[in-house]
Protein chains: 2
Amino acid sequence: MPDLPPSTARDRLVTSAFELFDAQGFDDTTVDDIANHAGVGRTTFFRHFGSKEAVIFPEHEKLLAGIQARLEASDPDTRDLAVVEAARLVLRYYVGEGDQARIRYRLISSVPALRAREIAGIRQYEKTFARALSAWMADSPDGALRAELLAAAVVTAHNHVLRRWLRGETKTPEDDFAHAMTIVLDRDRSPAEQTAVVVLRTDADTEAVSAAVTKALRTL
Amino acid sequence: MPDLPPSTARDRLVTSAFELFDAQGFDDTTVDDIANHAGVGRTTFFRHFGSKEAVIFPEHEKLLAGIQARLEASDPDTRDLAVVEAARLVLRYYVGEGDQARIRYRLISSVPALRAREIAGIRQYEKTFARALSAWMADSPDGALRAELLAAAVVTAHNHVLRRWLRGETKTPEDDFAHAMTIVLDRDRSPAEQTAVVVLRTDADTEAVSAAVTKALRTL
DNA sequence: TCCCTGTTGATACTGAGTACCGTACTAGCA
DNA sequence: TGCTAGTACGGTACTCAGTATCAACAGGGA
């Protein structure tokens with residue numbers, strides 16, 4: 001009575017869950033329904049997914065591991081690039097999902113239990129970022145706080161862009177993401193790292209100006 | 001068999017829940033246990049708290065309303081002060097709680113269901129901040145994103161300070177909070193809003209300098 | 001053939017959360 | 001005093017998520 005089996009029991013459970021949740025709602029679908037529709041036992045469902053909510057985020061663990069791996073492959077010097085690419089990993093996954101991501105978004109928007117589950121998952125992303133950043137920024141003043149702030153900003157910006165795309169408010173999520181990340185990284189740069197150039201007119205040649213600049217900076 | 005009744009059934013349920021959770025753990029305490037210990041029926045528990053987890057955050061709704069009220073009493077010009085004071089409301093409440101806050105922290109640290117509940121609550125705070133900020137910043141470029149970033153930063157910094165206090169790592173949470181907020185607000189100021197002063201020597205008097213500055217700024 | 005290991009299904013149980021109903025107390029009014 | 005409405009409470013019965021346990025079955029060596 002279910003559809004043509006897409007090979008594994010786990011996959012059938014996921015597609016069955018999305019179908020039934022979408023058709024008759026989350027609360028009116030029991031785990032038994034999902035298991036029957038997938039042609040497996042109830043026990044099998046709970047062996048693959050710890051809870052009824054978890055089946056909606058079947059790749060969560062893999063995404064988390066992907067972020068972790070990307071961050072671990074980096075170091076303090078390239079941390080900006082690392083966090084941006086790690087976050088982009090997640091964005092690309094969901095955008096690549098297409099309709100499935102939109103159905104999930106609809107479900108999350110209307111079912112508090114699923115919203116809670118999503119928030120918990122997002123928080124795991126954030127903690128993963130914060131852990132890596134904190135290790136890299138531990139020695140700077142207020143390093144732990146600044147690491148958490150940057151992690152929160154990256155995750156917030158990512159979600160902002162993703163949700164705009166899910167709502168159909170943009171067709172260019174990757175460009176929006178890049179733009180959002182420049183804002184996030186700009187905010188992270190302290191004023192001391194920002195360079196302002198004041199232009200005065202002078203008759204001196206370039207080398208003389210350059211020498212004067214070097215001397216002025218050295219006296220700081 | 002319970003203790004001396006602290007007046008209302010709701011209060012008795014809260015203190016009973018904290019006592020039992022602390023003594024025998026969250027999972028090994030049933031709602032029946034709590035209700036019996038408080039001397040009321042199980043139905044009464046669920047009438048006061050929607051779930052077994054919610055009893056740990058009995059003032060959550062009030063705090064949320066407090067934040068909302070503080071923000072609504074403000075306007076775009078005083079938004080920095082408003083968000084800082086709204087966040088400080090929450091900090092003061094938990095610090096004022098004392099031991100109860102520490103027990104809650106221990107429970108949350110060891111019980112995933114409670115952690116999930118806490119995160120969901122924090123997210124509600126964040127959304128409340130973001131809504132107000134977004135309304136105030138709607139017209140500026142990327143206003144919605146910047147509002148969410150500021151909201152996330154305020155909440156993250158608040159939690160950072162609160163958790164340090166809960167872990168006994170600081171005795172001056174209010175001072176730490178003030179310091180953290182200066183960092184958050186600094187990050188929120190765009191480079192264009194930051195003013196650098198370059199000092200050159202000149203023989204001109206103050207008024208002539210002032211006039212020259214004004215003229216220079218106008219040509220931008 | 002025996003054994004090992006991994007996947008599955010069936011069964012039974014606990015306990016959270018909901019729905020419904022009856023009851024006790026209080027406030028207000030005639 | 002009696003009547004009524006509103007509110008807080010307790011009890012019962014039910015659904016269903018989640019857990020624990022055991023048995024069946026497959027393939028794969030040795």
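Being a predicted model, the structure only gives us computed values, none of them experimental. Lettering of chains follows the sequences in order, A, B, ..., and the numbering in each one begins at 1.
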K.L.:
Going by salt bridge (Lys or Arg N to Asp or Glu O under 4.0 Å), name the pairs with one or both residues in residues 45-58 of chain A, residues two or more places apart or in two chains.
P.N.:
none

K.L.:
C/dT8, OP1 or OP2 - any side-chain N/O from A/H48 closer than 4.0 Å?
P.N.:
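For C/dT8, OP1/OP2 do have a side-chain N/O of A/H48 under 4.0 Å.
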
K.L.:
Please list all pairs passing the salt bridge (Lys or Arg N to Asp or Glu O under 4.0 Å) test where one or both residues lie in residues 168-184 of chain A, with sequence neighbours left out.
P.N.:
A/R92-A/E174, A/R164-A/E169, A/R167-A/E169

K.L.:
Calculate the interatomic distance between B/N36 atom CG and D/dC9 atom P; express it in whole Å.
P.N.:
16 Å

K.L.:
Can you list everything that forms a salt bridge (charged side-chain N to carboxylate O under 4.0 Å, His left out) with B/E126? Sequence neighbours excluded, please.
P.N.:
B/R123

K.L.:
Residues in side-chain contact (heavy atoms from CB on, under 4.5 Å) with B/A69, at least two apart?
P.N.:
none

K.L.:
Got a sec? Which of residues 23-35 of chain B come in under 4.0 Å of DNA chain C, heavy atoms?
P.N.:
B/T29, B/T30, B/V31

K.L.:
Which residues satisfy the ring-ring contact (aromatic ring centres under 6.0 Å, His included) test with B/F26, sequence neighbours excluded?
P.N.:
B/F21

K.L.:
Both B/G41 and A/F45 contact DNA chain D. Which one's nearest nucleotide lies toward the 5' end?
P.N.:
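Upstream on the strand: B/G41.
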
K.L.:
Please give me every residue in residues 111-123 of chain B whose heavy atoms get under 4.0 Å of an atom in DNA chain D, ordered by residue number.
P.N.:
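Output list: empty, so none.
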
K.L.:
Could you list the residues that satisfy side-chain contact (heavy atoms from CB on, under 4.5 Å) with B/F49, not counting sequence neighbours?
P.N.:
B/R10, B/L13, B/V14, B/F45, B/A54, B/V55, B/P58

K.L.:
Among the candidates D/dC9, C/dG9, C/dG17, find the nucleotide nearest to the side-chain atoms of A/V40.
P.N.:
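So the nucleotide nearest the side chain must be C/dG9.
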
K.L.:
Rounded to the nearest angstrom, tell me the gap between atom NZ in B/K52 and atom P in C/dG15.
P.N.:
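After rounding, the gap between these two atoms is 9 Å.
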
K.L.:
Find the distance A/F49:CZ to D/dA17:P and express it as a whole number of Å.
P.N.:
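The distance from CZ of A/F49 to P of D/dA17 comes to 15 Å, rounded to the nearest Å.
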
K.L.:
Can you check nucleotides 20-28 of chain D for protein contacts, nitrogen or oxygen pairs under 3.5 Å, and list what you find?
P.N.:
none

K.L.:
Looking at the base of C/dG17, is there any donor atom on it, or on the side chain of B/R42, that sits under 3.5 Å from an acceptor on the other one?
P.N.:
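In this structure, the two groups form a donor-acceptor pair.
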
K.L.:
B/L149 pairs by side-chain contact (heavy atoms from CB on, under 4.5 Å) with which of A/V154, A/L149, A/V184?
P.N.:
A/V184

K.L.:
Please list, chain by chain and in numerical order, all residues satisfying side-chain contact (heavy atoms from CB on, under 4.5 Å) with A/D27, sequence neighbours excluded.
P.N.:
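So A/D27 forms no side-chain contact (heavy atoms from CB on, under 4.5 Å) with any residue.
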
K.L.:
Is any side-chain heavy atom of B/L162 closer than 4.5 Å to one of B/F177?
P.N.:
no

K.L.:
In whole Å, what is the span from the CZ atom of B/R12 to the P atom of D/dA8?
P.N.:
15 Å

K.L.:
Using a 3.5 Å cut-off and no angle test, enumerate the donor-acceptor pairs between side-chain atoms of residues 59-67 of chain B and protein atoms at least two apart in sequence or in another chain.
P.N.:
{"unit_1": "B/H60", "atom_1": "NE2", "unit_2": "B/Q124", "atom_2": "OE1", "d": "2.8"}

K.L.:
Applying side chain to side chain donor-acceptor pair (under 3.5 Å), which residue pairs with at least one partner in residues 106-117 of chain A are found, sequence neighbours left out?
P.N.:
A/D22-A/R106, A/S51-A/R117

